[in-house]
Amino acid sequence: MATEAARTNFIEDIINEDLKQGKNNGKVATRFPPEPNGYLHIGHAKSICLNFGIAKKYNGTCNLRFDDTNPETEETEYVESIKEDIEWLGFKWDGLFFASDYFDAMYDHAMTLVKDGKAYVESLTPDEIRQYRGDFNTPGKNSPYRDRPVEENITLFLEMKAGKYKDGEICLRAKIDMQSPNMNLRDPIVYRIRHAHHHRTGDKWCIYPMYDWAHGLEDSVEGITHSLCTLEFENHRPLYDWFLEQLPVHHPQQIEFARLNLSFTVMSKRKLLQLVKENHVNGWDDPRMPTICGMRRRGVSPSALRKFSDRIGIAKRENVADFALLEHIVREDLNETSPRIMGVINPLLVEIENYPEDKEEYFDAPLHPEDDRWGSRKIPFGKHVYIEQDDFREDAPRKWFRLSPGKEIRLRYACLITCKDVLKDDNGNIVKLICTFDPESRGGTAPDGRKVKGTSHWVSAKHAVKITVRQYDRLFNVENPNKAEEGQSWLDNLNPNSLEVLENCYAEPYIKELNPEDRIQFERIGYFVADRFEFSKDNPVFNRTVTLRDSWAKIEKNQSGSADRGKGKQPQASETAAKKVETKDEDYISIDDFAKLDLRVGTIKSAQLVDGADKLLKLQVDIGEEKPRQVFAGIRKRYETEIDALVGKNVVVVANLKPRQMKFGLSEGMILAAGGKQNRLELAEVLGDTLPGDTVS
RNA sequence: UGGGACGUAGGCCAAUUGGUAGGCCCCAGGUUUUUGGUACCUGUCAUUGCAGGUUCGAGUCCUGCCGUCCCAGCCA
């Protein structure tokens with residue numbers, strides 16, 4: 001992390017080299033060239049950060065240029081949203097341009113090409129053009145119109161511009177090489193006829209330049225030095241270069257890098273559009289969308305997005321960035337910048353028996369535990385408070401140090417309470433907890449120094465402000481949504497629980513101070529943002545940006561192996577990523593899981609029967625560690641009569657399992673076995689020259 | 001199938017340009033803690049796609065193979 005600034009990517013290496021050789025008079029000029037036909041997403045953010053970042057790093061410039069060469073798909077609406085997104089991300093463009101600003105110059109240059117005999121007007125139909133072009137194996141054929149006299153070409157091109165022809169009737173082509181193995185060089189089309197209204201030039205033009213012709217020229221007139229684009233344009237570079245070589249103009253260098261892919265989401269314009277059109281999400285700025293405006297509404301900060309772009313790096317290989325990395329960086333960023341507030345998502349009423357009925361008091365609580373510049377606020381307290389349902393268990397599991405009957409916990413910044421009684425309704429649902437508090441524990445510290453490990457967030461029932469909380473989760477269930485199961489579409493990978501709206505939540509009065517887009521942490525729950533559009537003092541709506549890391553959830557999961565404990569808990573970030581090796585509840589484990597096993601050679605040092613278990617043997621196995629591991633194996637039936645013969649055998653031990661306390665002792669591993677004769681488990685033996693502790697693969 | 005590119009841990013990115021593989025995320029464990037958060041520490045994880053060759057020495061150079069991606073729009 002510390003070396004991030006020092007580290008260079010391959011593009012910077014190229015620029016450094018160019019600078020060293022005095023190219024471009026030591027200038028660096030980049031540009032971000034979106035087509036205004038859709039909303040920007042996090043992949044664009046990578047490109048924006050790259051282009052603007054390089055300009056900044058080298059004291060150069062970066063333009064925003066809209067590549068509006070196709071009047072049929074482009075709209076002003078998109079222009080505005082793109083500008084807004086870039087500014088929000090924290091970048092300022094040096095020049096703001098449109099490809100359409102250069103239509104006149106592009107036309108003039110095309111005419112030069114025609115006059116130089118390097119371009120001709122094509123009269124073949126689109127279909128014929130395709131046929132003449134050939135394919136990968138078949139070289140193209142020259143068009144019969146390829147050798148039209150220059151004069152004729154000039155006339156036709158003039159007429160073409162004047163509107164004499166219909167769409168597709170004729171077009172202008174560059175005369176390059178119909179035999180080229182690079183399809184882009186088989187006489188590419190330079191101008192096509194489109195009788196369409198352009199969002200900026202209106203009806204001035206009925207011919208529009210193609211991307212390849214336009215892009216290099218745009219870069220050229222703006223004096224761009226390094227034209228950065230994505231990998232799919234690699235095949236276009238020879239054409240980019242060819243066009244510029246035909247003219248006496250500045251020739252920028254095109255460099256391609258790999259676009260960003262993110263796990264658990266889709267990035268293609270088409271699919272994003274489909275999600276919106278088919279109402280799988282609520283618009284382009286739905287907080288589940290990977291669009292910049294979506295992430296903004298989700299509560300992701302511009303700095304987090306910039307950090308993310310930095311951290312994923314720039315390279316040429318196809319890549320899929322980890323969604324977990326994004327989440328990590330968002331937490332990292334929000335941890336530093338978000339004030340802490342208490343809010344209860346799933347309230348459980350607590351009555352404090354020994355607290356006076358009408359009394360209320362205020363506790364002082366810092367807004368940020370690590371940064372006192374934030375100051376503090378007062379939190380009201382009374383006889384009735386809400387705590388989180390998740391913070392109470394009637395039957396406390398192992399390692400549980402939150403509230404349960406008879407146990408004492410701390411109400412954060414307030415006092416210590418002990419659970420005395422649990423009240424239920426006729427259906428057995430818990431409706432209220434009766435607790436007592438320790439009047440000496442003001443502020444949350446025990447007067448006698450006793451350790452109270454559990455701390456819960458809470459809200460005074462009397463002062464609570466009702467809020468709406470929208471809990472967002474990953475939009476898709478699988479790492480790569482594009483890969484659909486046989487007979488299914490990518491849409492079948494959508495996570496049906498990606499949004500959960502909770503109306504019955506409470507927060508402390510401090511939330512009245514908040515404004516739309518303020519980012520906060522609800523302590524112990526996660527980071528949230530006051531909705532950009534819907535939040536108001538009367539309608540406090542919060543969107544969950546990301547949960548806090550939840551190590552209790554992991555402990556519990558590892559303990560039980562059964563996930564269906566806390567109701568309504570959605571699969572969150574960590575769970576999907578941390579697929580655990582569970583042999584207990586599932587008959588099969590995947591190859592992936594199998595690869596995670598740490599298999600070691602172990603020598604059996606001793607073996608004995610386990611009293612009271614008719615399947616188990618207790619083994620001490622040396623796997624090269626300082627002490628042998630104690631392992632219980634369900635192989636008694638097979639080896640009962642020859643138990644001593646086991647000693648000295650080399651077996652395969654699964655060494656990276658969590659030690660488990662069993663009725664008969666601590667189990668520190670498992671031994672690989674297979675179904676042997678008469679359905680009795682037989683140990684897998686390791687033969688040959690091995691030492692205890694060797695890894696098995 | 002012709003051409004263009006790319007292969008370094010489960011993911012992403014490095015490696016002084018030929019000197020013996022490192023960081024972040026994830027995962028596991030621990031310390032601190034009035035957030036089971038944060039921070040900090042420790043650990044697991046790579047014979048650098050494979051096979052040859054050159055060299056005292058190869059992730060870096062050479063040869064051959066394999067795999068993945070891109071290109072046959074009058075889209076960008």
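Within every chain, numbering begins at 1; the chains are lettered A, B, ... in the order of the sequence lines, protein sequences first and strands thereafter.
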Side-chain N or O of [X] closer than 4.0 Å to phosphate OP1/OP2 of [N]:
| X | N | value |
| --- | --- | --- |
| A/R549 | B/U35 | no |
| A/R192 | B/A76 | yes |
| A/S263 | B/G11 | no |

Worksheet item: When A/F103 is tested against each of A/Y208, A/F98, A/Y191 for ring pair (Phe, Tyr, Trp, His ring centres under 6.0 Å), which residue passes?
Response: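 One option only clears the test, and that one is A/Y208.
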Item to complete: For the pair A/E122 (side chain) and A/S143 (backbone), establish whether a donor and an acceptor sit closer than 3.5 Å, ignoring hydrogens and angles.
Response: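 Not a single qualifying donor-acceptor pair exists.
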Practice prompt. Using Watson-Crick or G-U wobble pairs with both distances under 3.5 Å, give me RNA chain B in dot-bracket, 5' to 3', with [ ] for crossers and | for pairs to another strand.
Written response: .((((((..((((.....[..)))).(((((.......))))).....(((((..]....))))))))))).....
Worksheet item: How far apart are the closest heavy atoms of A/E440 and A/P447, and which atoms are they?
Response: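 Nearest heavy atoms, A/E440 then A/P447: CB-CG, 3.2 Å.
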Item to complete: Identify the two heavy atoms, one from A/E388 and one from A/I525, that lie closest to each other, and give their separation to 0.1 Å.
Response: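 The pair with the smallest heavy-atom distance is OE1-CD1, 3.5 Å.
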Practice prompt. Could you measure between the two C1' atoms, the one in B/C75 and the one in B/A5, and give it in whole Å?
Written response: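 After rounding to an integer number of Å, I get 22 Å for this pair.
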Worksheet item: Taking the same atom, C1', in B/A51 and in B/G67, what whole-Å distance lies between them?
Response: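 Here B/A51 and B/G67 have their C1' atoms 15 Å from each other.
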Worksheet item: Pick from A/R519, A/K307, A/R306: which one makes a salt bridge (Lys or Arg N to Asp or Glu O under 4.0 Å) with A/D333?
Response: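 So, applying the salt bridge (Lys or Arg N to Asp or Glu O under 4.0 Å) to A/D333 and each of A/R519, A/K307, A/R306, only A/K307 qualifies.
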Practice prompt. Kindly state which residues belonging to residues 122-136 of chain A come within less than 4.0 angstrom of RNA chain B, counting heavy atoms of the residue only, listed by number.
Written response: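 Residues of residues 122-136 of chain A that come under 4.0 Å of RNA chain B are, in numerical order, A/L124, A/P126, A/I129, A/R130, A/R133, A/G134, A/D135, A/F136.
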Discussion item. Any heavy-atom pair between the side chains of A/I193 and A/K166 that's under 4.5 Å?
Written reply: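 No, side chains not in contact.
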Worksheet item: Quick one: are A/L185 and A/P238 in side-chain contact, heavy atoms under 4.5 Å?
Response: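 Sidechains of A/P238 and A/L185: in contact.
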Look at the side chain of [X] and decide which nucleotide, out of [options], has an atom nearest to it.
| X | options | result |
| --- | --- | --- |
| A/T69 | B/A76, B/C70, B/C26 | B/A76 |
| A/I555 | B/C25, B/G36, B/A76 | B/G36 |
| A/N335 | B/C71, B/G37, B/C75 | B/G37 |

